[in-house]
Amino acid sequence: MNMDKYILKLCERALNSSYESGKYTASIKNKVLRSISNNLKKDTKKIIIANTKDTYEAKRKGIKDSMLDRLVLNEERIDSMRDGLKEIVSIPDTLYKTSKAIKQSNGISISQMRVPLGVIGMIYESRPNVTIDAAGLCIKSGNSVILRGGSESINSNMALMSCIKKALREHNLHQYSVQLVETIDRKAIDSLLKMNEYIDVIIPRGGKGLIEKIITASKIPMIKHLDGNCHVYIDHEADDDMAFQISLNSKTQRYGVCNAMETLLIHKKFSKKCLNRILKSYEEYGVEIRGCKNIKKIYSGSKLANENDWAQEYLAPIISIKIVNSIDEAISHIAKYGSLHTDAIVSNNKDSINKFKKLVNSSSVMINTSTRFADGYEYGLGAEIGISTDKLHARGPVGLDGLTNLKYVVSSKGKVRN
C-alpha cells in the first residue's frame, strides 16, 4: 500500500464531505446519533468479541496497565458511550447561530456567527470509546473527521466504525463525513500530519511521547494536552471528611486517566489526625507514597520524593505528597510542576478559595471537588473529543462549541468607508 496516496484519498474525501457536513439540520444529525446508539446496543456482543482480540494481543505484548485499562470495552463502557451520544443529542445545536447585531457609530452592524472548523484529524491510543465520542461530536458540530486509532485497538475500532457507517447510510449523510484509517502501519500518522492543505485541526490523545512526536512533525493547528499532572491542595481550613474523600477519590477512583491526582499538597496546619487517616487509606489501597521529608517523618512507609516526582504523571498507584507552609507555596508548586490540566483546593476559607481560583491557571480548577470530574461528559458536554491545556481557542474538555469557531458578519445599508 502506498501510504501517502491512501491518506491523501481519505483527506480528499473528508474535505469534500466537510462542504456538506455543515448543511444538515439538527433533527437529521440527532437521528444519526440515535441510530449509532441503537447499533451499539445491537452489536454489543460483536464489539466485545473484537475488543477481546485486542486486549488479548495487548496483554501478550506487555502493554502498560494504564493503557490496557483504557483499551477494555465491556457492556458498562458501551452503555456509557451510548449515554454520551444521548447527551450530545440533548445539547442545542448552536451552529450558524448569530449573536445580536450591534450597530456602530459608523453605520455598520456587527454580529458573530458560529461555524464548523472543517476537517478534524483524530490520532489516539487505546481508548476505542474516542471513536464514538469523536464521531458523535463531529457529526453534531458539522465537521468531517478522520479517525486514526492505535494499532492495539484496530479490531475494536473497526467494529465501532461499522455502527457509524450503518447510521450514516440509513439517514443519507455523506458517507465520508466519518472515516477510519484502516491500517496499523505507523506511516499513516506521518502521512496524515503532512496534510495541512486538507486538515484544519489535529486532536491527539495518548501518551506524552505520541503527542510530542505529533507537535514536532506537523504544522497543522492542534487541540491538545501533553500530560495530566493534577494536584489537590488541602488548606488549613479544610473540612476533614471532605479532604479525606476528595484526596482518596481523586487518586484511587481510577489510576490510568489524565484527571487522576498525582500530587497531594497539604497545609502544615491541617489536621494531623486526618492526614494520618489519608496516608493509612492510601496504604490500604496499595498506593505507593513518595513524600517530602516531613511526610517521611510522619509515615515511615513513605519513600523520599525527588525532584522528578513532583513533575511526574504516574498513571499508576503512586502518589507524591508534600506539606507546604502556605497556600502561596502550594500555588507556586503547581505553577512550577503542574501541566495546566486540573487542580483542586479543599477549603472552607473564602479568601483561600478566591486566591486559588484566580492564580491557578489550569484549564479546570476544582473547588471542594474531586479532580475526576474534569471530564466532558461530567461537564454536560455529552462527551469530549479531547482536553486542551493551551490558552487559545478551546480550553479544558472540548465539546461541541470547542469544535466550532466564530466569524464576523457585518451589514449595513450600502455604507462605504470615507
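Shortest non-hydrogen contact noted between Lys296 and Ser302 is NZ-O, 2.6 Å. Residues Ile223 and Ser388 come closest through the heavy atom pair CG2-CB, 3.8 Å. Taking every heavy atom of both residues into account, Val145 and Cys138 meet most closely at CB-SG, 3.6 Å. Between Ser191 and Asp4 the shortest heavy-atom distance is OG-OD1, 2.6 Å. Nearest heavy atoms, Ile88 versus Leu381: CG1-O, 4.3 Å. Taking each heavy atom of Pro128 and Leu160 in turn, the nearest pair found is O-CD1, 3.2 Å.
Heavy atoms of other residues, nucleotides or ligands lying less than 6.0 angstrom from OH of Tyr56 number 12 at most. Taking a 6.0 Å sphere around CD of Glu284, one finds it holds more than 12 heavy atoms contributed by other residues, nucleotides or ligands. Surrounding NZ of Lys272 are more than 12 heavy atoms belonging to other residues, nucleotides or ligands, all under 6.0 Å away. Within a 6.0 Å radius of CG in Leu304, other residues, nucleotides and ligands contribute more than 12 heavy atoms. No more than 12 heavy atoms of other residues, nucleotides or ligands lie within 6.0 Å of CZ in Phe373, so this atom counts as exposed by the packing criterion. Heavy-atom contacts from other residues, nucleotides or ligands closer than 6.0 Å to OH of Tyr285 number 12 or fewer. Applying the 6.0 Å contact sphere to CG of Asp83 captures more than 12 heavy atoms from other residues, nucleotides or ligands. Shown here is Glu75, whose CD atom has no more than 12 heavy atoms of other residues, nucleotides or ligands within 6.0 Å.
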Report task. Walk me through it: do Tyr176 and Lys9 pass the test side-chain contact (heavy atoms from CB on, under 4.5 Å)? Result -> CA-CA 11 Å; Tyr176 300 128; Lys9 189 174 183 180; over 6 Å; no
Requested in this report: Any chance you could lay out the side-chain contact (heavy atoms from CB on, under 4.5 Å) test for Lys213 and Asp190, step after step, and finish with the verdict?
Outcome: CA-CA 10 Å; Lys213 175 188 174 183; Asp190 298 328; 3.7 Å; yes
Requested in this report: List the steps, then state whether side chain to side chain donor-acceptor pair (under 3.5 Å) holds for His231 with Asp343.
Outcome: CA-CA 5 Å; His231 299 74; Asp343 297 294; 2.8 Å; yes
Requested in this report: Would you please test Asn348 and Asp239 for side chain to side chain donor-acceptor pair (under 3.5 Å) and show each step?
Outcome: CA-CA 7 Å; Asn348 287 326; Asp239 177 85; 4.9 Å; no
Query raised in the report: Where do Asn259 and Thr371 land on the side chain to side chain donor-acceptor pair (under 3.5 Å) test, with the steps shown first?
Result: CA-CA 6 Å; Asn259 59 14; Thr371 61; 5.7 Å; no
Query raised in the report: Does the side chain to side chain donor-acceptor pair (under 3.5 Å) test come out yes or no for Ser352 and Asp235, once each step is laid out?
Result: CA-CA 8 Å; Ser352 293; Asp235 194 36; 3.1 Å; yes
Report task. Decide side-chain contact (heavy atoms from CB on, under 4.5 Å) for Arg277 and Lys273; before the verdict, give the C-alpha distance in whole Å, the side-chain angles of both, and the deciding distance to 0.1 Å. Result -> CA-CA 6 Å; Arg277 184 184 172 203; Lys273 182 179 178 182; over 6 Å; no
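Tyr282 and Thr252 share no donor-acceptor pair across their side chains, judged by distance under 3.5 Å alone. Side chain to side chain, Asp54 and Ser153 fail the donor-acceptor criterion of an N or O pair below 3.5 Å. In this structure, a donor-acceptor pair under 3.5 Å is absent between the side chains of Glu262 and Tyr255. With no hydrogens or angles considered, a side-chain donor-acceptor pair links Ser320 and Tyr314 at under 3.5 Å. Between the side chains of Arg82 and Ser37, at least one donor N or O sits under 3.5 Å from an acceptor N or O. Side-chain contact, Ser21 with Asn143: no donor N or O sits under 3.5 Å from an acceptor N or O. Side-chain polar atoms of Asp401 and Thr94 form a donor-acceptor pair below 3.5 angstrom. Looking only at atom types and distance, the side chain of Asn294 has no donor-acceptor partner in the side chain of Lys268 under 3.5 Å away. Side-chain polar atoms of Asp133 and Asn129 form a donor-acceptor pair below 3.5 angstrom. Ser35 and His171 share a side-chain donor-acceptor pair at under 3.5 Å. In this structure, a donor-acceptor pair under 3.5 Å is present between the side chains of Ser156 and Asn51. In this structure, a donor-acceptor pair under 3.5 Å is present between the side chains of Thr404 and Arg114. Side chains of Ser177 and Ser17: a donor-acceptor N/O pair is absent below 3.5 angstrom, by distance only.
Contact check for Phe244 versus Ser271: no side-chain heavy atoms found under the 4.5 Å cut-off. For the pair Ile220 and Val201, the minimum side-chain heavy-atom distance is 4.5 Å or more. Inter-residue side-chain proximity for Ser144 and Pro116 is flagged as unmet; no heavy-atom pair is nearer than 4.5 Å. Residues Thr369 and Ile246 have side chains not in contact (no heavy-atom distance under 4.5 Å, counting atoms from C-beta outward). Side-chain contact between Tyr6 and Thr183 is present, with at least one heavy-atom pair separated by less than 4.5 Å. Looking at Glu182 and Met158, their side chains come closer than 4.5 Å, going by heavy atoms from C-beta outward. Residues Ile120 and Ile146 are not in side-chain contact: their nearest non-hydrogen atoms beyond the backbone lie 4.5 Å or more apart. In this structure the side chain of Thr52 never reaches within 4.5 angstrom of the side chain of Asn155, judged on heavy atoms.
We find that Arg290 and Glu288 are joined by a salt bridge, their nearest charged nitrogen and carboxylate oxygen being less than 4.0 Å apart. Salt bridge Lys280/Glu283: absent, no basic N to carboxylate O contact under 4.0 Å. Note on Lys23 versus Glu20: salt bridge recorded, some NZ/NE/NH1/NH2 to OD/OE distance being below 4.0 Å. Taking the charged nitrogens against the carboxylate oxygens, Lys29 and Asp93 do have a contact shorter than 4.0 Å, which makes a salt bridge. Checked for salt-bridge contact, Asp328 and Lys355 meet the test: a charged N lies under 4.0 Å from a carboxylate O. A salt bridge links Lys224 with Asp390: the distance from a Lys NZ or Arg NE/NH1/NH2 to an Asp or Glu carboxylate oxygen falls below 4.0 Å.
Panel note: side chain Arg77, backbone Val72; a donor-acceptor pair is recorded below 3.5 Å. Between the Ser247 side chain and the Ala243 main chain, a donor and an acceptor come within less than 3.5 Å of each other. Without hydrogens or angle criteria, Gln112 side chain to Lys407 main chain gives no donor-acceptor distance under 3.5 Å. Remark: side-chain polar atoms of Thr44 are paired, donor with acceptor, to backbone N or O of Leu40 under 3.5 angstrom. The backbone N or O of Ile387 lies less than 3.5 Å from a partner atom in the side chain of His225, making a donor-acceptor pair. Checking side-chain atoms of Ser126 against main-chain N and O of Met67 turns up a donor-acceptor pair under 3.5 Å. Within the 3.5 Å criterion, the main-chain N or O of Glu170 finds no donor-acceptor partner in the side chain of Lys31.
Taking the ring centre of Tyr124 as origin, the terminal cationic atom of Arg205 falls outside the region bounded by 6.0 Å and 45° from the ring axis.
Using bins of under 30°, 30° to 60° and over 60° for the plane-to-plane angle, the ring pair Trp310/His333 lands in the perpendicular bin. Ring pair Tyr233/Phe356 is parallel by interplanar angle, where below 30° counts as parallel and above 60° as perpendicular.
Here CG of Leu117 is found 11.0 Å from OG of Ser18. Values are rounded to the nearest 0.5 Å.
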